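Have a look at the structure below before the remarks.
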Amino acid sequence: MKEKYPFGEIEAKWQDYWEEQGLFHTDATSAEDKYYCLMMFPYPSGTLHVGHGRNYIIGDAVARYKKMRGLRVLTPMGWDAFGLPAENAAIKSGTHPRESTLQNIALMKAQLRSWGCCYDWEREVTSCLPDYYKWTQWLFLKFYERGLAYKKEAAVNWDPVDQTVLANEQVLPDGTADRSGAVVEKKMLSQWFFKITDYAQRLLDDLEQLDGWPERVKSMQENWIGRSEGARLNFTLVPREDGVADTSDVVPCFTTRVDTIYGCTYMVLAPEYPGIAEMVQGLPEEKSVMDFVQQAGRLSSIERTTEGDKNGVFTGRYVVNPYNGEQIPLWVGDYVLLEYGTGAVMAVPAHDTRDWAFAKKYKLPIRLSIQNPDQTLNVDEMEDAYVDDGIVVDSPPFSGMPNREAIPKMAAYAEEKGFGGPVIQYRLRDWLISRQRYWGAPIPIIYCDDCGMVPVPESDLPVLLPEDVEFKPSGESPLKSCAAFTQVDCPQCGKPARRESDTMDTFVDSSWYFFRYLSARDDTKAIDTELCDNWLPVDQYIGGIEHAILHLMYARFFTKAIHDLGLIHFEEPFKQLFTQGMITKRSEKDGQLYKMSKSKGNVVSPEELIREYGADTVRLYTLFIGPPEKEAEWNDAGVEGAFRFLRRLWRRVYEHRDLLRDAKTLQPDLQHMQQPERDLYRKLHESIRRITRDLEGDFHFNTAIAQIMELMNAADDIKVNNNSSDQVRAVFRETMETIVVLISPFAPHIAEELWQELGRAPSILQTEWPRVNEAALHRAQMEIVLQVNGKLRGRIMVGAEADQAAIEQEALADPQVQKWIEGKTVRKVIVVPGRLVNIAVS
RNA sequence: GCCCGGGUGGCGGAAUGGCAGACGCAAGGGACUUAAAAUCCCUCGCCCGUAAGGGCGUGCGGGUUCGACUCCCGCCCCGGGCACCA
């Protein structure tokens, strides 16, 4: 055994060993005691920094721990390999995305290996390879058959930098693209969507089952789905005086405040509302309306949706309020959004702040229909809308009701009379999945002049990406101009037709990869029903919080849709979700804390650290840095601390190597222990209990490691040498061996090496996790804290069997306590056995 | 505005309603050494005190309790999500 901790040497040795032995190669035919431990598969960007590393290190520690607990652990890994960065690089450098992606995968695989992270590589999936995307395309076809995939013309988000459309989820609240940072534009385009809105209610309801998910993530999804209950009301358009007929004479609107309908004094349409042009054609207002519509269309989505000045124009038309038959003016206003509800709003200025502002600006009438029961309102004296609850007034036959009670009654009334009824509205929009880019899975659709839109027959899958294409900086997808790709015969009629040249959003690829791991090499079907039913839902999913909405919502949607296809029989993919916090580092430039990124120049490269300290040190520090779900600041000095600890552990074993090996058969025996080894033995078993509890709960690696350090400190304090008693040596041996086992999920290389040095057979992964010896926890004497009026005044030792009365007596007799209760009246004495005595005096 | 988190030493952070600050980092002092590194020992919330000891202390203000970082009520601040969403 070497005196100095030879981390480089042993790490290479054990990485080879784990690989050769295939310790994480899991036979999935039996799912008994299964534990599916999944980490979000990475985009192969090239190299991972220590911030990325946290994810894999946490996952590896969990997998190793669960394996030692005797579970059948499945931990696969793969690559979310389609995506824009590779294609953008290709435009600049000319290297084909496939080539650069596969290169990056090789690099990152080596990185993961160098951290000691073990996976079942035989299940590796790579989403950009045909054996994977064939099945992504197949799922698309299944969705298409069921009407879940459809094409429509819509105002969509256009990223002018990446030259493609984006899903709503990929646009940040400030209106910029989450990937490129470009200001997103609105464009009317014909695009492919997945009908995720059909699943809005199920996605919302099933959040309740997800006890193992962080509250934060569930609340984010809830907000994103944005359910609101209200009513849909049809207003009829008053016919034109000139006798010109309207295409539609109904203007529906959505409201959550049907109780205020009698206060409605006008109606407002979104500028994009279909049919506005016909509605005003030939009227004196036509020009002003059309000018306004054009002007509003020029505004960016941010300008449009930022609260502020509200502009509008009268259309010259009127609609009828179905409740009271009143004719009210119809306006167009830029604060009304086409995408939400029906694109039309019934305006109640007295009870809505936005309508109030608009009515004031354009001098529209304001009428009260909810009265404040505490302070009578008068429209002329009001300074803003009254939006709180109250009593319905001037609304026959609903007057006098509390407004909350009136809402369902008034909605039901609309249904009765046939002009509307209660509805539920969601904020969630359908998922836009087509992208005008090359490096993605081609959408398997063919356009034929005669047959229209024709799905590619399943037997023709995959629709392969052509290899020989030119990457032009024009931003246009090379697929579009690749005749060999687009020109195709119609599968129905055989005439020349044209292929869809858009590819799918990469979030489609990542929405089902966790099913594919179960049958990664199966070229007969996408999903193995039996294996998935046995192994899923995933027992533990680990990844970054940045996917709280995007990936995690899409994957839930896919699971439900695939369930409805009958391919699986569960509806939620991830039982437990753990979202680790980001690693930040102070920028040397401005001293601010940032998430690690190349652009901020605050990236810590693991390679350098591994060279200097070894992978175990990086792992130990990463896990010790703080509670894993929280953000943590990387501190180079802290790495040094982790290294010192491992070096100390190595040295302790080295110093006592002969003694430890010789004591291999000595067993601790409580009957024959003296005080020092008895105390260490108790500490050992207390540590096992605490560490196990920390790992079983929410992965509190930081406190688990702290406990190992404490135990090590205690082991250092006991005097042990070859002349020590059998019990001292037995307890010391068991302590050192247990420390090695306990630390093995965190620092596996040193653990394997020391385990072997201690004369044990590898692999330590096949060792059982230590059990607590309850008898060891027992104390003959207990320290009792003495308080007077809740303040610490002393401490006494009492026998473990001492009864409350005896403890109380001893406490009161204590000289320290005497000093504080002298001359005062003891009102009450609380005795908490095994802990403390509190004496209340006055 | 609504919905989630969070606020504890110089720092990262610990604490089933029961000794606040475990563990680590940094800092200071000492030992070993020709020296350095490494290692080992001691101190380390703030204030008064040589010390023994005492007072204060977990964002702020109340409350419940023998006892509150922990529970309840009302605020302040920080982070995140949603938001002209009708």
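Remember, predicted model here, so these are calculated numbers, not experimental data. Just so it is clear: chains get the letters A, B, ... in the order the sequence lines come, proteins before strands, and each one is counted from 1.
Phosphate proximity of B:A83 to A:R354: absent, as no side-chain N or O sits under 4.0 Å from OP1 or OP2. For the pair A:W356 and B:A86, the criterion of a side-chain N or O lying under 4.0 Å from OP1 or OP2 is not met. In this structure, A:S228 reaches the B:A86 phosphate: one of its side-chain N or O atoms is under 4.0 Å from OP1 or OP2.
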Review item, nucleotides 36-42 of chain B N/O atoms under 3.5 Å of protein N/O:
residue, atom, partner, partner atom, Å
B:A38, O3', A:R647, NH2, 2.9
B:U39, OP1, A:R647, NH2, 2.7

Output one line per pair: protein atom, nucleotide atom from nucleotides 13-15 of chain B, and distance, for all N/O pairs under 3.5 Å.
residue, atom, partner, partner atom, Å
B:G13, O3', A:N702, ND2, 3.4
B:A14, OP1, A:N702, ND2, 3.1

Between the protein and nucleotides 16-19 of chain B, list the N/O to N/O atom pairs that are separated by less than 3.5 angstrom.
residue, atom, partner, partner atom, Å
B:U16, O4, A:R835, NE, 3.1
B:U16, O4, A:R835, NH2, 3.3
B:G18, N2, A:N838, ND2, 3.4
B:C19, O2, A:R795, NH1, 3.0
B:C19, O2, A:R795, NH2, 2.7
B:C19, N3, A:R795, NH1, 3.2

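Ring centroids of A:F624 and A:F645 are separated by 6.0 Å or more, keeping the two rings apart.
Under the Watson-Crick and G-U wobble criteria, each requiring two contacts below 3.5 Å, nucleotide B:C60 is paired to B:G74.
Counting any heavy atom pair closer than 4.0 Å across all strands shown, A:G226 reaches no nucleic acid atom.
B:A20 and B:C46 have their C1' atoms separated by 14 Å, with the value rounded to a whole Å. B:C11 sits 26 Å from B:G18 when the P atoms are compared, rounded to a whole Å. Taking atom P in both B:G10 and B:C48, one finds a spacing of 15 Å when rounded to whole Å.
Ring geometry, A:F699 versus A:F701: the interplanar angle falls under 30°, so the pair is classed parallel (tilted spans 30 to 60°).
With A:Y335 as the partner, the ring-ring contact (aromatic ring centres under 6.0 Å, His included) test is satisfied by one option alone out of A:W356, A:F358, A:Y340: A:F358.
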Worked verdict on A:R693 versus A:E696 for salt bridge (Lys or Arg N to Asp or Glu O under 4.0 Å): CA-CA 5 Å; A:R693 206 176 47 207; A:E696 282 300 319; over 6 Å; no

